[in-house]
Amino acid sequence: MRTATLGPAQRAESLASMAERELDVLVVGAGVVGAGTALDAVTRGLSTGLVEARDWASGTSSRSSKLIHGGLRYLEMLDFGLVREALKERGLLLERLAPHLVKPVPFLYPLQHKGWERLYAGSGVALYDAMSMARGHGRGLPMHRHLTRSHALRVAPCLKKDALVGALQYYDAQMDDARYVTNLVRTAVAYGAKAANRARVTGFLREGERVVGARVQDVEAGGEYEIRAKQVVNATGVWTDDTQAMVGERGQFHVRASKGIHLVVPRDRIHSTTGLILRTEKSVLFVIPWGRHWIVGTTDTDWDLDKAHPAASSADIDYLLEHVNSVLAVPLTRDDVQGVYAGLRPLLAGESDATSKLSREHTVAHTVPGLVVVAGGKYTTYRVMAKDAVDAAVHGLDMRVAECVTEDVPLLGAEGYRALWNARARIAARTGLHVVRVEHLLNRYGALTDELLDLIAEDPSLGEPLAAADDYLRAEIVYAASHEGARHLDDVLTRRTRISIETFDRGARSARDAAQLMAQVLGWDNDQIEREVEHYQKRVEAERESQRQPDDLTADAARLGAPDIVPL
């Protein structure tokens, strides 16, 4: 079984190796597009490096609605090409590339008008299913169905009786976005890529007008590296304009940040066996099943403040509660909200008003020799964006390069996952873990679950739940630091796990236990453990304070009250 380890030693070796000899491709930014680009490049046989200023998926790619979808609402805009492309990708992820991470999820669309709305919406959903099946990648999901009001209320008893006259139910897919990106990075490394997080690009190396690499600061250990590459790919999402400014070039487009916030509430607060999709005056609102929780979102507002830590204001939270409560028989209150997170969508805009139509489609540009920029797009189509970016980089390489093969490259943990899932009861009996725990591990790590079970076999205490976060085993915290590149407490509680949004205390009571487990891997002394815990608790309080503020400006100021970097 192919695997890869992203521990402290591997990070140091990767930085040294990238600086030692010229790469074919250096990718800047390890969100889903950057990680996907690194995997695409290395599986074409190119020597590849990946650097990330903070943590894998620490920006947009860990703060999405966590859906893999074809974009049903884009059918209404007649954007058939985007929907067709996204449906193909959805099918690939479900069936071939990541069945352990990407799962079907049902949605109920309440109808509020008799006659015409069922015909109109039903035609759209039928076309959606037909386009999926026509691409040969729809077998993993059930077809849509029409429901009467009484049937819909049996499926979703949470709904007000007068909120619908009937309903449609259809299927899309979901994943844990941050876990998916971490897995992408590890898969790229398994095929030979070099990757380092907490490695910030401070400038580009130039020979004349050509970009020939980047200066990279090691945020953890200090020092700066010069990493030379024949082609550099800028995949920094909402930071695209900032990165491009380092070469004095912005290109024919720029990236605008649009803020979307989500609420996380306990599963028992909304009595339903299906997710919900609701129309609002601006867009759509999703109520998405999420383990023992629901995710409610999202908003869509301009954001031009701090990009690293977009803040959810009290007004944002009220907006979501007001809209979801318009259809719920038992309304949600502020006290029901366990977690809140805010993310920024990278939307493309032209350089002038005439070309400023914002788009979820992506663009790839060779803005200066040696530098490719990829921006825009949506999570579901990251693999297509990565392919296009590498295709553009290949044009600048004086060598023959193979075509993209990622359509046939499963992510780590995918191969053998279904066989292990079928054997989960036997695994539980062998290890002494409850079968529910085994299922949890298989749906997060797939066939790599054996690596966690080995940790538990060596130290049975790791088979116990983490303090104040019963959904996660202590082994997962150790594994995050030893195998998945987690460098700080925030990485583990916010991205390797979702404790920061799945508990009412936002992970504060789990912080010390998690930090002590990480210390064993990362060599922290007691002082560093205290610094990590204090930093995390300040972050939690700053987020809570920001969510009490009335608007974006005051929320941003409150969120910036916590330091960004953990002192070492």
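In this text, all values refer to a predicted model and were calculated from it rather than measured experimentally.
Residue pairs meeting the salt bridge (charged side-chain N to carboxylate O under 4.0 Å, His left out) criterion with at least one partner in residues 477-487, sequence neighbours excluded, are Arg179-Glu484, Glu220-Arg487.
For Tyr417 and Asn443, the side-chain atoms include at least one donor-acceptor pair closer than 3.5 Å. Counted by atom type alone, Ser62 and Asp177 present zero donor-acceptor pairs between their side chains at under 3.5 Å. Counted by atom type alone, Ser47 and Asp24 present one or more donor-acceptor pairs between their side chains at under 3.5 Å. Between the side chains of His440 and Glu476, at least one donor-acceptor pair of N or O atoms lies under 3.5 Å. Side-chain contact annotation: Gln169 with Thr274, donor-acceptor N/O pair under 3.5 Å present. Residues Arg90 and Ser132 bring a donor and an acceptor atom of their side chains to less than 3.5 Å of each other. Residues Arg506 and Ser500 have side chains that never bring a donor and an acceptor to within less than 3.5 angstrom of each other. Tyr382 and Tyr180 share a side-chain donor-acceptor pair at under 3.5 Å. At a cut-off of 3.5 Å, with distance as the only test, a side-chain donor of Glu451 or Thr3 sits close to an acceptor on the other residue. For the residue pair Tyr472 / Glu502, a side-chain donor-acceptor distance below 3.5 Å is found, with atom types taken as modelled. Judged by distance alone, the side chains of Asp335 and Thr333 never bring a donor and an acceptor atom under 3.5 Å apart.
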Check: residues 520-527 side-chain donor-acceptor pairs under 3.5 Å, at least two apart:
residue	atom	partner	partner atom	Å
Asp525	OD1	Asp527	N	3.2
Asp525	OD1	Gln528	N	2.8

Item to complete: Just do the salt bridge (Lys or Arg N to Asp or Glu O under 4.0 Å) check on Glu52 and Arg200 with the steps written out, would you?
Response: CA-CA 6 Å; Glu52 161 59 44; Arg200 184 186 304 278; over 6 Å; no

Worksheet item: Can you list the steps and then say if Arg96 with Glu415 is a salt bridge (Lys or Arg N to Asp or Glu O under 4.0 Å)?
Response: CA-CA 9 Å; Arg96 184 188 305 169; Glu415 292 189 47; over 6 Å; no

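Looking at residues two or more places apart in sequence or on another chain, you find no side chain to side chain donor-acceptor pair (under 3.5 Å) involving His100.
Using a cutoff of 4.0 Å between basic side-chain nitrogens and carboxylate oxygens, Glu534 and Arg539 are not scored as salt-bridged. Salt-bridge check for Glu464 with Arg474: failed, with every basic side-chain N at 4.0 Å or more from each acidic carboxylate O. Salt-bridge formation is not detected for the pair Glu439/Arg444: no Lys NZ or Arg NE/NH1/NH2 atom is positioned less than 4.0 Å from an Asp or Glu carboxylate oxygen. Salt-bridge check for Asp471 with Arg498: failed, with every basic side-chain N at 4.0 Å or more from each acidic carboxylate O. Between Glu543 and Arg559 there is a salt bridge, since a side-chain N of the basic residue sits under 4.0 Å from a carboxylate O of the acidic one. Between Arg198 and Asp491 there is a salt bridge, with a side-chain nitrogen of the basic residue lying less than 4.0 Å from a carboxylate oxygen of the acidic one. A salt bridge links Arg11 with Asp218: the distance from a Lys NZ or Arg NE/NH1/NH2 to an Asp or Glu carboxylate oxygen falls below 4.0 Å.
Taking the six-membered ring for Trp and the full ring otherwise, Tyr170 and Tyr109 have centroids separated by 6.0 Å or more.
A donor-acceptor pair is defined here as one N or O able to donate and one able to accept, closer than 3.5 Å; such a pair exists between the side chain of Ser58 and the backbone of Asp55. Formation of a donor-acceptor pair under 3.5 Å by the Thr494 side chain with backbone atoms of Asp490 is found in this model. Under the 3.5 Å distance criterion, the side-chain polar atoms of Thr449 are matched with a main-chain donor or acceptor of Leu441. In this structure a side-chain-to-backbone donor-acceptor pair under 3.5 Å is missing from Asp172 to Leu67. Side chain of Arg186 to main chain of Ala4: a donor-acceptor pair is present (N/O by atom type, distance under 3.5 Å, no hydrogens or angles). Not one N or O on the side chain of Arg424 forms a donor-acceptor pair closer than 3.5 Å with the backbone of Leu442. Listed for the Lys378 side chain is a donor-acceptor partner under 3.5 Å among the backbone atoms of His69. A donor-acceptor contact shorter than 3.5 Å is absent between the side chain of Gln217 and the backbone of Val219.
Under the side chain to side chain contact (heavy atoms under 4.5 Å, CB included) test applied with Ile499, the options Leu466, Val492, Asp505 reduce to a single match, Leu466. Checking each of Ile295, Leu101, Val105 against Gln174 for a side chain to side chain contact (heavy atoms under 4.5 Å, CB included) leaves exactly one that passes, namely Val105.
Taking a 6.0 Å sphere around CD of Gln516, one finds it holds more than 12 heavy atoms contributed by other residues, nucleotides or ligands. Crowding of His151 atom NE2: a count of heavy atoms from other residues, nucleotides or ligands under 6.0 Å exceeding 12. Within 6.0 Å of atom CZ in Arg426, 12 or fewer heavy atoms from other residues, nucleotides or ligands are found, so the atom counts as exposed in its surroundings.
The cationic atom of Arg267 (NZ for Lys, CZ for Arg) lies less than 6.0 Å from the six-membered ring centre of Trp294 and within 45° of the ring axis.
The heavy-atom pair separating Lys538 from Pro563 by the smallest distance is CD-CD, 4.3 Å.
In this structure, OG1 on Thr380 lies 10.0 Å from CD on Glu85, to the nearest 0.5 angstrom.
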